[in-house]
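These notes are about the structure you will find just below.
Residue numbers start from 1 in every chain, and the chains themselves are labelled A, B, ... in the order their sequence lines are given, proteins ahead of strands.
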2 protein chains.
Amino acid sequence: MNSHVPPARTTAGFNLSALRGHNAALVLDLLRTAGEAGISRLELAERTGLTPQAVSKITGRLRGDGLVVEAGRRASTGGKPRTVLRLVAGAGHAVGLHLDRDELRTVLTDLTGAVVASRRAPLDLGAGADTVLAAAAREVDALLGDGEGGASVLGAGVAVPGPLDHADGVLHRVTGFPQWDGFPLRDALAERLGLPVVVDKDTNAAALGLALDGAAGDGERSFAYLHLGTGLGAGLVLGGALYRGARTGAGEFGHQVIQLDGPACDCGNRGCIEALCLAAVAVGTERGTDEAARVLGEGAGNLVGLLDIDAVLLGGRTVSAAEERFVRGVGRVLDARAMRGGGGRAIPVRAAPGGATLVVEGAAQLILAPLFGRGDAALPANRNGAKVI
Amino acid sequence: MNSHVPPARTTAGFNLSALRGHNAALVLDLLRTAGEAGISRLELAERTGLTPQAVSKITGRLRGDGLVVEAGRRASTGGKPRTVLRLVAGAGHAVGLHLDRDELRTVLTDLTGAVVASRRAPLDLGAGADTVLAAAAREVDALLGDGEGGASVLGAGVAVPGPLDHADGVLHRVTGFPQWDGFPLRDALAERLGLPVVVDKDTNAAALGLALDGAAGDGERSFAYLHLGTGLGAGLVLGGALYRGARTGAGEFGHQVIQLDGPACDCGNRGCIEALCLAAVAVGTERGTDEAARVLGEGAGNLVGLLDIDAVLLGGRTVSAAEERFVRGVGRVLDARAMRGGGGRAIPVRAAPGGATLVVEGAAQLILAPLFGRGDAALPANRNGAKVI
DNA sequence: CCACTTAAGCAACGGTGTTGCCAAAGTGCA
DNA sequence: TGCACTTTGGCAACACCGTTGCTTAAGTGG
């Protein structure tokens, strides 16, 4: 009967070119992770499950493209020593922008995500689209002007507070700035900058940055980044890639109800974690901070139980102001729950490194991550505007 | 320094055989979804993104294996009419077992998941491993005895209440039955039955069944199944595949804290959704049920916001007893939150179909799902014991 | 009856990872 | 110093994937 169903692609078929891209991304990701130390062909073969010969061919192509170079050799173990391969950091660059309420940060990073240049300027996010876009364009121009990058810039990743649609790059309702509702930020900025643009929530950018810079430990491929600043939000990384959900709205954490019929929150709910946390912080005492950490911990515990993740990372201005206290307070709740759960090891809780630049640097990773196969978790299609090298 | 790192496989490399398997699974999944109506080669090509010729080759191989047959043709649209292809349901079978506290259900299903034969017997889950395993073996023998399946049984999927490790098939602590703690159910049962065995939590089995039998709507590739019976649990389906988390422990929903410092729960926490829900149900009045639904709804709302899923399905004995009331009550909370969130459409809430057989049938899908590429969401490796046809 | 349209297979092809083999480049013992 | 051994990594041939170009099959419509 329904012969006119839309061509809803279930999952993408894989052809040879997709195959090559997948394996190349995998190899690049291992090279990226290895960093300065590099990694040998045979190790790449072990880690990917591909044959050494296949790895030789893949790395050969990557060397031909200038993305990889040979860099010394390991000590021999009784035979020919392994040749070490290293990612050429300068083979590509990415721009990261963080449009915050009162500030605009921009960075230029190389392929490894290392910052090559950075700028910082005051911003009034409420000043209207034209003003903000002009400021963004000015900052990016200045950034590329002194940097060497220029030609090899792959695109610009933009982090914005509040909900938006990552897939089409349209803002929903930046908290406190209703004038942005429905604004097609991605396309507008792409035209202005002449670069492919990817936009995402600030918490997602931060989480992606943490996922890629090794802040999450070695085996920790799934974690949550909880950001407590002027608001409370989360970014989820599942299986090494950012999880954005069906409509790219995942990570709503601050307005989880954790106190039925509790105090009213601005969002209209009662007993939201955000409201409770911020109220406790507002008390200003150490006991207030401890209470905030406890509330945050209970929320984190809920999340850990639901998703079975490997770690919890805390960040944001409010956390930074009392880092140890928050880490300890949240950890205490998780430990207690793990203990009662019986035997299960507690999930590690840590402060996210990076501080105020965490989000901008993560924004640049919005462009880089797809190159390394870290584009998206559990999503059918995976298209964004980034150029393919 | 750390040259002795374990061969921790990041993500699997793809070779040609994996490529073929992936595309074949994709095609099989579309054929399965199409059901009796079948699907044409060209439609398969559109949906997968593969070329028509590639689909012809793939379906040719599948026809050679006896998994697919031509079954009539569509009406012409001005040219040669499309040939309809259909999955051969009887080309393979799977056994499903549901080890419940007081009952053992078993089913034999065909490739489409349709039940071919089923049995039901009383069981005392506390009677010890030998007794339970013997009962399981007896029931499976009887099931295969009268059914035609026999030779083409691909494996047995087993659903068990309470936490376990899906990866190695070891039970953790079935609530109320400490004697099972640490029991290697998968291996023990595999030896006894002479079949590959996969074990999982009952809620996961149910969610998987719902994911595959089309109970979740057409575009609904991500949803949560909330089961309210003697306890409260959840099964998560993200992107069409079951999400099990890093240590396959995901879906802990009943012991999410939703009332800080609320009434004590058996688990040791305070204010767990499960405790609040069951207490409200225990009141026995309609207002009690409404309150339980409201609490469940707040929990569901938290989950929907965090994961941005497409739907919420409710099941379990307690829900069945007042289905409409629960659906309405949960829906009301989600609607209210979506309304306040501003514009976002509310997520549909429905009662899960299937009733008491939902879990057994889902257990069989533990064997079938990997054949259709629905094995696991966001997980590095994806090995289980199922034979490859 | 014939022109046209649409579906599906055949044959050749480009390109993937794999296999078998060999050269390169070390170690270690006589 | 020389030689056997180990280990790495490339070369060549290969099997097999999906793709492309073309042909054949099987309908509709004037």
Side-chain angles (χ1 to χ4, degrees), chain A residues 3 9 11-28 30-31 38-65 68-86 373, chain B residues 3 9 11-28 30-31 38-65 68-86 373:
Chain A
S3 56
R9 178 158 306 180
T11 311
F14 245 55
N15 59 20
L16 283 176
S17 119
L19 177 88
R20 176 177 60 188
H22 173 87
N23 287 340
L26 220 58
V27 168
L28 280 174
L30 289 171
L31 282 157
I39 186 172
S40 71
R41 289 177 179 82
L42 281 169
E43 206 173 334
L44 287 170
E46 281 171 26
R47 301 270 292 252
T48 57
L50 296 170
T51 59
Q53 182 60 25
V55 171
S56 267
K57 286 191 178 180
I58 292 167
T59 54
R61 287 195 297 262
L62 295 176
R63 287 204 294 153
D65 295 342
V68 169
V69 287
E70 295 193 343
R73 37 189 50 180
R74 290 271 162 76
S76 166
T77 61
K80 178 174 175 176
R82 301 184 173 186
T83 312
V84 174
L85 300 174
R86 219 178 45 197
Chain B
S3 56
R9 177 159 307 179
T11 312
F14 246 54
N15 58 18
L16 284 175
S17 120
L19 177 90
R20 176 175 62 187
H22 173 87
N23 288 338
L26 221 58
V27 168
L28 280 174
L30 289 169
L31 283 157
I39 186 171
S40 70
R41 289 177 178 81
L42 282 168
E43 208 173 333
L44 287 170
E46 282 171 27
R47 301 272 290 255
T48 57
L50 296 171
T51 60
Q53 182 60 26
V55 170
S56 267
K57 286 192 178 181
I58 292 168
T59 56
R61 286 197 296 264
L62 295 176
R63 286 205 295 152
D65 295 341
V68 169
V69 286
E70 297 193 341
R73 39 189 48 180
R74 291 271 162 76
S76 165
T77 61
K80 177 174 174 177
R82 301 185 173 188
T83 311
V84 173
L85 299 174
R86 219 177 45 197

Worksheet item: Using a cut-off of 4.0 Å on non-hydrogen atoms, how would the nucleic acid contact of Arg61(A) be classed: base, sugar-phosphate, or nothing?
Response: sugar-phosphate
Worksheet item: Taking atom C1' of dG17(C) as reference, at what distance in whole Å does atom NE2 of His22(A) sit?
Response: 13 Å
Item to complete: Give one of base, sugar-phosphate or nothing for Leu16(B), where a contact means two heavy atoms less than 4.0 Å apart.
Response: base
Worksheet item: What integer distance in Å separates Lys80(A):NZ from dT27(C):P?
Response: 13 Å
Worksheet item: Touch check for Ser17(B), heavy atoms < 4.0 angstrom, all strands: base, sugar-phosphate only, or nothing?
Response: nothing
Fill in: Aromatic plane relationship, Phe14(A) with His22(A) - under 30° parallel, 30 to 60° tilted, over 60° perpendicular
perpendicular
Worksheet item: Thr51(A) side chain N/O closer than 4.0 Å to the phosphate oxygens (OP1, OP2) of dT18(C)?
Response: yes
Item to complete: Compute the bend angle of the helix from dC1(C)-dG30(D) to dA30(C)-dT1(D) from the end axes (five pairs per end), rounded to 10°.
Response: 10°
Worksheet item: If you pin Thr77(A) and Glu70(A) to their nearest nucleotides in DNA chain D, which one's is more 5'?
Response: Thr77(A)
Worksheet item: Between Ala25(B) and Gly373(B), which heavy-atom pair has the shortest distance, and what is it?
Response: CB-N, 3.8 Å
Response to the item:
Note: for Ser40(A) and Ala54(B) on DNA chain D, the residue whose nearest nucleotide lies more 5' is Ser40(A)
Worksheet item: Considering heavy-atom distances to DNA chain C, does Gly79(B) or Thr59(B) have its closest nucleotide positioned more toward the 5' end?
Response: Gly79(B)
Fill in: Protein-nucleotide distance (Leu26(A), atom CG; dG17(C), atom C1'), rounded to Å
14 Å
Fill in: Heavy-atom closest contact (Thr51(A) atom, Ala45(A) atom, distance)
C-CB, 4.1 Å
Worksheet entry | Whole angstrom value for the distance that separates C1' of dG17(C) from CG of Asn23(A) | 8 Å
Fill in: Candidates dG26(C), dA8(C), dG17(C) - which lies nearest the side chain of Thr83(B)
dA8(C)
Discussion item. Just to be sure I understand the rule, does Pro81(B) reach a base, reach only the sugar-phosphate, or reach nothing, if contact means heavy atoms closer than 4.0 Å?
Written reply: sugar-phosphate
Worksheet item: For Glu46(A) and Arg82(A), which heavy atoms make the closest approach, and how far apart are they?
Response: OE2-NH2, 4.2 Å
Item to complete: To the nearest 0.5 angstrom, please state how far the CG atom of Leu28(B) sits from the CG atom of Leu62(B).
Response: 5.0 Å
Discussion item. Nearest whole Å is fine: how far is dA7(C) P from Leu42(B) CG?
Written reply: 5 Å
Fill in: Note, Arg86(B) side chain near Leu31(B) side chain (heavy atom, < 4.5 Å)
no
Practice prompt. Measure the distance from CG on Leu44(B) to P on dG9(C) and round it to the nearest whole Å.
Written response: 12 Å
Discussion item. Below 4.0 Å from chain A heavy atoms, what is the first contacting nucleotide of DNA chain D and what is the last?
Written reply: dT6(D) to dT19(D)
Practice prompt. Please examine the side chains of Thr59(B) and Val27(B), heavy atoms only from C-beta on, and report whether any two atoms are closer than 4.5 Å.
Written response: yes
Worksheet item: What nucleic acid atoms does Arg74(B) come within less than 4.0 Å of, heavy atoms only: base, sugar-phosphate, or nothing?
Response: nothing
Worksheet, complete the sentence: Heavy-atom nearest pair, Val84(A) first then Arg74(A), reads CG2-CG, 3.8 Å
Worksheet entry | Contact check, side chains of Leu85(B) and Leu44(B), non-hydrogen atoms, under 4.5 Å | yes
Response to the item:
All heavy atoms of Leu19(A) vs all of Asn15(B), minimum pair found to be CD1-O, 3.8 Å
Item to complete: Whole angstrom is fine here: how far is it from NZ in Lys57(A) over to C1' in dT19(C)?
Response: 11 Å
Discussion item. I need the CD-P distance between Gln53(B) and dA11(C), as an integer number of Å.
Written reply: 11 Å
